[in-house]
> 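Mind looking over this structure? Questions follow.
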Amino acid sequence: MGNTTSCCVSSSPKHRRNNHSRLEPYRPETDLSREDTGCNLQHISDRENLDDLPMEYNPSDHPRASTIFLSKSQTDVPLPNKRVREKRKSLYINHHHPGLVRRKYSSCSTIFLDDSTVSQPNLKYTIKCVALAIYYHIKNRDVDGRMLVDIFDEKLHPLTKSELPPDYEKHDPEQKQIYRFVRTLFSAAQLTSECAIVTLVYLERLLTYAEIDISPSNWKRIVLGAILLASKVWDDQAVWNVDYCQILKDITVEDMNELERQFLELLQFNINVPSSVYAKYYFDLRSMAEANNLSFPLEPLSREKAQKLEAISRLCDDIYKDLRKQAKKRSVSADNLTVVRWCPAIIS
């Protein structure tokens, strides 16, 4: 996927067609089992039914299951002191000096709206929220020695040629550092804000399916694999693996291919993201942002935005007008049977 050295290589239909000069008519064969055909691939109906698993273990599949990052963000983790807590909230999240924050309220003359919707989220603040969710994943991870995957270990597969410090895995990255890493990839690859939400879905699906934890030693490669896969699934013109090698200068195409292949295998090739799951992650990100004083920017409603909203409202009204007519009850009250009749006016 992405280049000629990808792990998924298939011959061209044109070459296969040239090997047979004469096409024979199709003859269906009956009563052939899977063993007789020599095909040992597992049918989709034989796969494990994920609906049978507890819903709390599949937040990336079920819209009613609570997201992992939201529960981890609500976990009360003891910090050294209040000064560190306030510093983390003010500097790493809001990026402004602590002080009196003035909230904007709508009035009769001015209406304040943010430009982030579930279909078109704000790119900058969505990346900030995703970085904050990853930060809580690392900060409040389980320390019971869960399974480690070598392909995500940055010591075994470094992203840079610079040597890592010996205690690299003992220091949690700051939210600002995670945001800078994700923003660099999104800016260089020109990815959309929706891709950031799908990245978080794939990340939590990986942690759930593979039963691993994201830690200081593997968070970069896990995030890189999730972004790589999300960009190919979501965007029509996906970024190739070789393009990421130009962003991260010290990584090879073979390493990117292997990262993508193992990421897909750990996901059990389940890359489907239902719209209900996508919407759940979007609104949970907003809830987490409000709880951490990371509110989306409010701007006054301009004339152009008002006209755009009115046009969208009219379009939706035309679409659902026929549905509303069908949903109306046929029966009416006898009080409403009076019909207005038009009579000609007599002018004397």
> At what distance, to the nearest 0.5 angstrom, does CG of Asp142 lie from CD1 of Ile212?
12.5 Å

> Can you confirm whether Asn58 sits close enough to Tyr209 that some side-chain heavy atom of one is under 4.5 Å from a side-chain heavy atom of the other?
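Yes, side chains in contact.
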
> Could you work out, with side-chain contact (heavy atoms from CB on, under 4.5 Å) as the rule, every residue matching Leu266, not counting sequence neighbours?
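If we apply the side-chain contact (heavy atoms from CB on, under 4.5 Å) test to Leu266, skipping adjacent residues, the hits are Val149, Phe152, Leu206, Ala210.
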
> Indicate the atoms forming the closest heavy-atom contact of Val277 with Ser60, along with that distance.
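Closest pair (atom of Val277, atom of Ser60, distance): CG1-O, 3.5 Å.
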
> Just verifying a value: how many Å separate Ile227 CD1 and Leu185 CG, rounded to the nearest 0.5 Å?
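Here the interatomic distance stands at 4.5 Å.
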
> What pair of heavy atoms forms the shortest contact from Pro121 to Tyr282, and how long is it?
CB-CE1, 4.0 Å

> Keeping Lys280 on the side-chain end and His62 on the backbone end, is there a donor-acceptor pair under 3.5 Å?
yes

> Name all residues meeting the salt bridge (Lys or Arg N to Asp or Glu O under 4.0 Å) criterion together with Asp255; count only those two or more places apart in sequence or in a different chain, and write none if there are none.
Arg221

> Where do Ser119 and Glu194 come nearest, in terms of heavy atoms and distance?
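Minimum heavy-atom contact is O-OE2, 2.8 Å.
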
> For Thr67 and Asp284, which I'm curious about, is there any donor-acceptor pair between the side chains at under 3.5 Å?
yes

> Are Phe69 and Leu285 close enough that some pair of their side-chain heavy atoms sits under 4.5 Å apart?
yes

> Kindly compute the distance separating CD (Gln175) from CZ (Arg180), expressed to the nearest 0.5 Å.
10.0 Å

> Examine Leu156 and Leu159 and state if one hydrophobic cluster contains both, with Ile, Leu, Val, Met, Phe, Trp and Tyr joined whenever side-chain heavy atoms are less than 4.5 Å apart.
no

> Hey, could you give me each pair passing salt bridge (Lys or Arg N to Asp or Glu O under 4.0 Å) that has a residue in residues 148-160? Not counting sequence neighbours.
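Of all non-adjacent pairs touching residues 148-160, those that pass salt bridge (Lys or Arg N to Asp or Glu O under 4.0 Å) are Lys155-Glu169.
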
> Which pair of heavy atoms, one from Tyr202 and one from Ala230, lies closest together, and at what distance?
CE1-CA, 3.7 Å

> May I ask you to decide if His137's main-chain N or O and Lys72's side chain share a donor-acceptor pair within less than 3.5 Å?
no

> Hey, is the main chain of Ile134 close enough, under 3.5 Å, to the side chain of Lys139 for a donor-acceptor pair?
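No.
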
> Ala279: what forms a side-chain contact (heavy atoms from CB on, under 4.5 Å) with it, not counting sequence neighbours?
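Result, side-chain contact (heavy atoms from CB on, under 4.5 Å) vs Ala279: Val118, Phe283.
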
> Quick one: side-chain contact (heavy atoms from CB on, under 4.5 Å) partners of Lys124, sequence neighbours excluded?
Asn122, Lys128, Tyr179

> Looking at SG of Cys245 and CG of Asp250, how far apart are the two atoms once the value is rounded to the nearest 0.5 Å?
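So the SG of Cys245 and the CG of Asp250 are separated by 10.5 Å.
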
> Would a 4.5 Å heavy-atom cut-off, applied to side chains only, mark Cys195 and Val198 as touching?
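No. Closest side-chain heavy atoms not under 4.5 Å.
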
> Do the side chains of Ile68 and Thr208 get nearer than 4.5 Å, heavy atoms only?
yes

> By salt bridge (Lys or Arg N to Asp or Glu O under 4.0 Å), which residues pair with Asp172, not counting sequence neighbours?
Arg141

> Test Leu203 against Val130 for side chain to side chain contact (heavy atoms under 4.5 Å, CB included), laying out the working first.
CA-CA 11 Å; Leu203 187 145; Val130 172; over 6 Å; no

> Taking all heavy atoms of Cys129 and all of Met288, pick out the closest pair and write down the distance.
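Answer, listing the atom of Cys129 first, then Met288: O-CE, 3.3 Å.
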
> Would you check if Asn241 and Lys232 make a side-chain contact, meaning some heavy-atom pair closer than 4.5 Å?
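Yes. Closest side-chain heavy atoms under 4.5 Å.
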
> Could you tell me which non-hydrogen atom of Met256 sits nearest to which non-hydrogen atom of Ile251, and how far apart they are?
SD-CD1, 3.4 Å

> Out of curiosity, does Ile151 fall in the hydrophobic cluster containing Tyr168 (side-chain heavy atoms, cut-off under 4.5 Å, transitive links)?
yes

> Please enumerate all residues that pass salt bridge (Lys or Arg N to Asp or Glu O under 4.0 Å) together with Glu310, with sequence neighbours excluded.
Arg314

> Does the side chain of Tyr135 come under 3.5 Å of the side chain of Asn292 through a donor N or O and an acceptor N or O?
no

> Is there a donor-acceptor pair under 3.5 Å between the side chain of Asp213 and the backbone N or O of Leu148?
no

> Per the ring pair (Phe, Tyr, Trp, His ring centres under 6.0 Å) rule, what does the pair list look like for residues 212-238, sequence neighbours excluded?
Phe181-Trp219, Trp234-Tyr278

> Under a 3.5 Å cutoff, is there a donor and acceptor pairing between the side chains of Asn218 and Ser215?
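Yes, side-chain donor-acceptor contact under 3.5 Å.
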
> Which residue in the set Glu265, Glu258, Glu260 passes side-chain hydrogen bond (donor to acceptor under 3.5 Å, both in side chains) when paired with Gln262?
Glu258

> Rounded to the nearest 0.5 Å, how far apart are OG1 of Thr199 and CG of Leu191?
7.5 Å

> Once side-chain hydrogen bond (donor to acceptor under 3.5 Å, both in side chains) is applied, do any residues pair with Gln177, and if so which ones, sequence neighbours excluded?
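Residues passing side-chain hydrogen bond (donor to acceptor under 3.5 Å, both in side chains) with Gln177: none at all.
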
> Is there a side-chain contact between Pro173 and Ile138 in this structure, where contact means two heavy atoms from C-beta onward sitting under 4.5 Å apart?
yes

> Is the shortest side-chain heavy-atom distance between Leu224 and Leu259 below 4.5 Å?
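Side chain of Leu224 against side chain of Leu259, heavy atoms only: contact under 4.5 Å found.
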
> If I take atom CD1 from residue Ile247 and atom CZ from residue Phe186, how far apart are they, to the nearest 0.5 angstrom?
11.0 Å

> Does one side chain, of Tyr244 or Ser231, offer a donor that lies under 3.5 Å from an acceptor on the other?
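Result is yes, a qualifying pair exists.
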
> Does anything in residues 195-206 form a salt bridge (Lys or Arg N to Asp or Glu O under 4.0 Å)? List the pairs, not counting sequence neighbours.
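Residue pairs passing salt bridge (Lys or Arg N to Asp or Glu O under 4.0 Å), neighbours aside: Asp61-Arg205.
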
> Residues two or more places apart in sequence or in another chain: which of them pass side-chain contact (heavy atoms from CB on, under 4.5 Å) with Ser276?
Pro63, Pro274

> Could you list the residues that satisfy salt bridge (Lys or Arg N to Asp or Glu O under 4.0 Å) with Arg286, not counting sequence neighbours?
Asp114

